[in-house]
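Inspection log for the structure reproduced underneath, given as structure tokens.
As a basis for the values below, the full set of heavy atoms in this structure was taken, side chains included, without hydrogen atoms, waters or symmetry mates.
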Amino acid sequence: MNGITFIRKIDDLGRIVIPKELRGKLKLSENENILLKLTDNKIEIQKYSYINNYQLLINGIINVFYEIYKLPIRLSDNDKIIIEVGSTNETKEKISENINFNSTIIGTLIIYSSPENHQDTKKICKLLSKIIEISITSSWFSTNIMLD
């Protein structure tokens, strides 16, 4: 993406429009969060991943589930695989659950299972996805609430 330049005006509310071409290349959609970073006199804008941001916490949770159930687990944000434990043999059945934050899908959890354990694995996948959602939400609120 080097070499692409756009000039935009800031409106009276301090907003700028990110050009459609850049939103397309970054796969940014409406209501998606971005990260703004100020370094020296430069503002850096990048796509924000809650899952990647809380990777250390989520990795611990997923590793506990893997140690207990011995089921391969893969967690992706909307762009790439973030965490993968166990051998994700493609001959096994994939059971997936979306990970949500503020009613927006921010990733997908996949657990690989043999067909005879489908129902149990489905329950485990649902439980793990909810634990991840609660962990992200709780961590986000605890670091972003300002006290009066």
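- Taken to the nearest 0.5 Å, the CG atom of N117 stands 12.0 Å off from the NZ atom of K123.
- Distance check, rounded to the nearest 0.5 Å: CD1 of I111 to OG1 of T121 gives 7.0 Å.
- I62 CD1 to L71 CG: the interatomic distance, rounded to the nearest 0.5 Å, is 12.5 Å.
- Note that CD of Q46 and CG of L35 are 5.0 Å apart. Values are rounded to the nearest 0.5 Å.
- Looking at D120 and Y69, their side chains never bring a donor and an acceptor atom within 3.5 Å of each other.
- Note that OH of Y54 and OG1 of T137 are 9.0 Å apart. Values are rounded to the nearest 0.5 Å.
- Residues I73 and I81 do not share a hydrophobic cluster, defined by chaining ILVMFWY side chains whose heavy atoms lie under 4.5 Å apart.
- Criterion: ILVMFWY side-chain heavy atoms under 4.5 Å apart, direct or through other members. Under it, L57 and I106 are part of a common hydrophobic cluster.
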Which atom pairs, donor and acceptor, lie under 3.5 Å between side-chain atoms of residues 36-43 and protein residues at least two apart or in another chain?
none

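- Between H118 and E93 the shortest heavy-atom distance is ND1-OE2, 2.6 Å.
- Counting only residues at least two apart or on different chains, the salt bridge (Lys or Arg N to Asp or Glu O under 4.0 Å) pairs with a member in residues 51-70 are E67-K70.
- For the side chain to side chain donor-acceptor pair (under 3.5 Å) criterion with Y50, the lone passing option out of N33, D77, T104 is N33.
- Cluster annotation: F6 is connected to I45 through the hydrophobic network of ILVMFWY side chains, with a link wherever side-chain heavy atoms come within less than 4.5 Å.
- Contact record, I4 with K25: CD1-CE, 3.8 Å, taken as the closest heavy-atom pair.
- Among I58, I99, I51, I95, the one residue that satisfies the side-chain contact (heavy atoms from CB on, under 4.5 Å) test with L109 is I99.
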